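In what follows, a structure is listed as structure tokens, so that the remarks can point back to it.
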Amino acid sequence: MGEMELRYLKSLARQYPSIASAATEIINLRAILSLPKGTEHFITDVHGEYDQFQHIMRNGSGAVKRKIEQEFGTTFGKAEKRNLAALIYYPELKLEEVMRHEENMEDWYRVTMYRLIPICKNASSKYTRSKVRKALPKDFAYVIEELLTGRPDQSDQEDYYNEIINSVIETGRAPELIIALCNLIRRLVVDHLHVVGDIFDRGPYPHLIMDTLMEYHSVDIQWGNHDVLWMGAAAGNQACIANVLRISAKYGNLDILEDGYGINLVPLARFAMITYHDDPCESFKVEYDEDQYNVKDAQLDEKMHKAIAVIQFKLEGKLIEEHPEFDMDGRRLLHRMNLTDGTVEVEGVTYPLRDTYFPTIDPDHPYELSTEEQEVVTRLTMAFTNCEKLQKHVRFLLNKGSLYKVYNGNLLYHGCVPLNEDGSFKKVELFGHAYAGRQLYDVLEHYVRLGYYSIDPAEKKQGEDIFWFIWENKNSPVFGKEKMTTFERYFVADRKTHIEQKNPYYRLIEHEEIVMRILREFGLDGSDAHIINGHIPVETTIGESPMKCNGKLLIIDGGFSRAYRSKTGIAGYTLIYDSYGLFLAAHEPFESVESAVVNGTDIHSHNAVVSENGRRLTVADTDRGAQIKEEIQALESLLHAYRTGLLVESL
């Protein structure tokens, strides 16, 4: 035995100081390996749609209804099952609704608890008692554990079991126990959540989604381009800040910044009203949801929209000039405008401008901020970098997130792996070095973390600029288009200029050899491996499928955001990966929480089997299983050391 191995075993012996303790842990770990694999839930491109997100989280993309069906079958009717599901999704609200109409609450409590307990048992059956115990709510840990492990079908325990439930009702604690059981069921039905990018922008409540994720028991996040944009804004990149504000103004969501994050927009509002007072801002109309937007704000929001867009184009123009290696000079269009003629040159072609009112643009120095614009940008930068709630959310994204993740034989990322036309990995130059494939992801993530955490000014500046590069550069894995035609969409009527050509990746992923090449690049080579991908909405209205290459690659952006639903025809895809296989759910729009509680309505989902396992997967088949096997091997070495006298037990 080598010196390093002996040193490791001595360290392990502190935790397991005897043959008995080491052997007991080996027995425990081997048993865990035989348990069914935990259920993974995949969700992507939520884009601030909190109600839809919350409901899919609460119903586990149909996993809760499947547990009810497994447990009760035809024992009671569909209406009762819907009401039971609604109770599990929204226990507090459903209880309030029941109390308004139910005449005999004691009987209702009793029947409901006798229904919830077996569902809870079913959901907990794939976990160790230790893991279930850790998930129990503190106030009811003892009671729930007794109800889950008791045997009311045996005469010795029947009275004991029933008396627990009777006592809970008599002491007035039935509502709290029911809420605790419902929360526990939801907690146990899904073991781990994957969010494959784009929590922010377009929808009105990304901050509430972030609050929910921060309280979730087990989650990882693969950053989308919109997430990276907000991370860059929090780090202080001014071009990112301008983009965040412009998109929020465009979709009528400035309340997110003011009310959700407490960021003061008065300086921008005052500047916009003064500078664009007589400007109708026709190209900057707000795209709003009538149910969630106060149209009285429209005129001010349109002026703020234009003001921050012009600021954005100036800031981006300077960044592009600073970084010729970004190869984005074609995106610098302010100096290509001829305001006398009312035209702009885009890629060598001259087009009429839809808007020629630019009072803050100096034709000789078009990318210089005016004094007033600079003051606005300075104050906004201070507001973003000092916003405690935003910084907390971004630190969580950095802690739980990454640009990609390999997990249980699947590769997760948002966007695409940049490819050349021949399917080879595209080389991308960054600060004097070229990177491709997995290496590109790794170096970009490295710079992201420098941009937020580094205390070296030069490193931090490079990292801050990379946030913006990731947001809209043609070589960014999470953008994946030749260009972002924001300027043209505002100012040029000819739709030819609005086209954003996708990376060859999106055509080549129909070929199995390309998908397998990507999987191998990220260390996966098994026939059961999949790529799970977000970012580009799947247009089911024209017959597009989320399953590519015989199901080896799944693009699960299906229109969570209302802004995309006219294209996609649905309201989002999610995936469930459990011990039986991988299942895709296509969701229709969510009606409302009120309807779910009162009428038992649910999101109607169309489910498809992506792949079914030849046998039921266990923990031994997972990444955690591989770690456990290593732990067992180390413990077996420790046992051998004790039994051969190499180490002495501490009794």
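Values below: every heavy atom of this structure, side chains too, minus hydrogens, waters and symmetry copies. Count residues from 1 along the sequence. The model shown is predicted, which means the values in this text are computed figures rather than measured ones.
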Subject >> Flag if over 12 foreign heavy atoms under 6.0 Å of NZ, Lys400 >> reply: no

Subject >> Short side-chain to backbone donor-acceptor contact, Arg489 and His498, under 3.5 Å >> reply: yes

Original post:
Taking C-beta and beyond as the side chain, do Ile221 and Ile199 meet within less than 4.5 Å on heavy atoms?
Top reply: yes

Original post:
If you draw a 6.0 Å radius around CZ in Arg379, do more than 12 non-hydrogen atoms from other residues or ligands fall strictly inside?
Top reply: no

**OP:** Examine distances only and state if a side-chain atom of Arg332 and a backbone atom of Met328 form a donor-acceptor pair shorter than 3.5 Å.
**Re:** no

Subject >> Within-4.5 Å side-chain heavy-atom neighbours: Leu193 and Met57 >> reply: yes

**OP:** Report yes if the side chains of Trp230 and Ile247 come closer than 4.5 Å at any heavy-atom pair, otherwise no.
**Re:** no

Original post:
Any luck finding a side-chain donor-acceptor pair between Glu96 and Tyr90 under 3.5 Å?
Top reply: no

Original post:
Under the 3.5 angstrom rule, does the side chain of Thr497 hit a backbone N or O of Ala493 as a donor-acceptor pair?
Top reply: no

Original post:
So how far is it from Met273 CE to Leu300 CG, rounded to the nearest 0.5 Å?
Top reply: 6.0 Å

Original post:
Among side-chain atoms of Gln374 and Thr378, is any donor-acceptor pair under 3.5 angstrom?
Top reply: yes

**OP:** Report yes if some heavy atom in the side chain of Phe469 is under 4.5 Å from a heavy atom in the side chain of Val428; otherwise report no.
**Re:** yes

Original post:
Is any side-chain heavy atom of Leu353 closer than 4.5 Å to a side-chain heavy atom of Leu339?
Top reply: yes

**OP:** Indicate whether the side chain of Glu49 and that of His47 have a donor and an acceptor atom separated by less than 3.5 Å.
**Re:** no

Original post:
Quick check: are there more than 12 heavy atoms from other residues, nucleotides or ligands sitting under 6.0 Å from CD of Glu459?
Top reply: yes

**OP:** Nearest 0.5 Å please: distance from the CG atom of Leu315 over to the CD atom of Gln312.
**Re:** 8.5 Å

**OP:** Considering non-hydrogen atoms only, spot the tightest contact between Lys426 and Asn420 and give its length.
**Re:** CG-OD1, 3.5 Å

**OP:** Give me the one residue out of Asn243, Leu334, Thr486, Leu333 that meets side chain to side chain contact (heavy atoms under 4.5 Å, CB included) with Glu316.
**Re:** Asn243

Original post:
Does a side-chain N-to-carboxylate-O contact under 4.0 Å join Glu488 and Arg495?
Top reply: no

**OP:** Would you confirm whether Asn473, through its side chain, and Phe326, through its main-chain N or O, come within 3.5 Å as a donor-acceptor pair?
**Re:** yes

**OP:** Would you confirm whether His305, through its side chain, and Phe284, through its main-chain N or O, come within 3.5 Å as a donor-acceptor pair?
**Re:** yes

Subject >> Ion pair check, Glu321 and Lys318, cut-off under 4.0 Å >> reply: no

**OP:** Could you tell me whether a side-chain N or O of Asp227 sits under 3.5 Å from a main-chain N or O of Asp198, the two making a donor and an acceptor?
**Re:** yes

Original post:
Got a donor-acceptor contact below 3.5 angstrom from the Lys303 side chain to the Asp279 backbone?
Top reply: yes

Original post:
At what distance, to the nearest 0.5 angstrom, does CD1 of Ile274 lie from NE2 of His277?
Top reply: 9.5 Å

Original post:
Is the side chain of Tyr89 donor-acceptor paired with the backbone N or O of Gln54 at a distance under 3.5 Å, no angle test?
Top reply: no

Original post:
So does Lys314 pair up with Asp362, basic N to acidic O under 4.0 Å?
Top reply: no

Original post:
For Tyr407, what residues pass the ring-ring contact (aromatic ring centres under 6.0 Å, His included) criterion, not counting sequence neighbours?
Top reply: His192, His194

Original post:
Only one of Ile241, Thr360, Val377, Leu245 clears side chain to side chain contact (heavy atoms under 4.5 Å, CB included) with Ile311; which?
Top reply: Val377

Original post:
How about Lys483 and Gln501: do any of their side-chain heavy atoms sit closer than 4.5 Å?
Top reply: no

Original post:
Side chain of Arg331, backbone of Met484: donor and acceptor closer than 3.5 Å?
Top reply: yes

**OP:** Indicate whether any N or O donor in one side chain lies under 3.5 Å from an N or O acceptor in the other, for Ser402 and Glu445.
**Re:** no

Original post:
Under 30°, 30 to 60°, or over 60°: which ring-plane class applies to His393 and Tyr261, parallel, tilted or perpendicular?
Top reply: perpendicular

Original post:
Honestly, is Lys306 close enough over Phe358, meaning NZ or CZ under 6.0 Å from the six-membered ring centre and within 45° of the axis?
Top reply: yes

Original post:
Backbone N or O of Arg202 within a donor-acceptor pair of the Asn253 side chain at under 3.5 Å?
Top reply: yes

**OP:** Kindly write out the residues that satisfy salt bridge (Lys or Arg N to Asp or Glu O under 4.0 Å) with Arg395, not counting sequence neighbours, or none if the list is empty.
**Re:** none

**OP:** Kindly state whether the ring of Tyr447 and the ring of Phe431 have centres lying under 6.0 angstrom apart.
**Re:** yes

Original post:
Out of curiosity, His226 NE2 to Trp471 CH2, how far, rounded to the nearest 0.5 Å?
Top reply: 4.0 Å

Original post:
Going by heavy atoms in the side chains, are Pro477 and Leu444 under 4.5 Å from each other?
Top reply: yes

**OP:** Using a 4.5 Å cut-off on heavy atoms from C-beta on, say whether the side chain of Ile470 contacts that of Phe479.
**Re:** no

**OP:** Output the distance between atom OG1 (Thr343) and atom CG (Asn338), rounded to the nearest 0.5 Å.
**Re:** 4.5 Å

Original post:
Are Tyr50 and His207 close enough that their ring centres sit under 6.0 Å apart?
Top reply: no

**OP:** State the CD-NZ distance between Glu500 and Lys474, to the nearest 0.5 angstrom.
**Re:** 14.0 Å

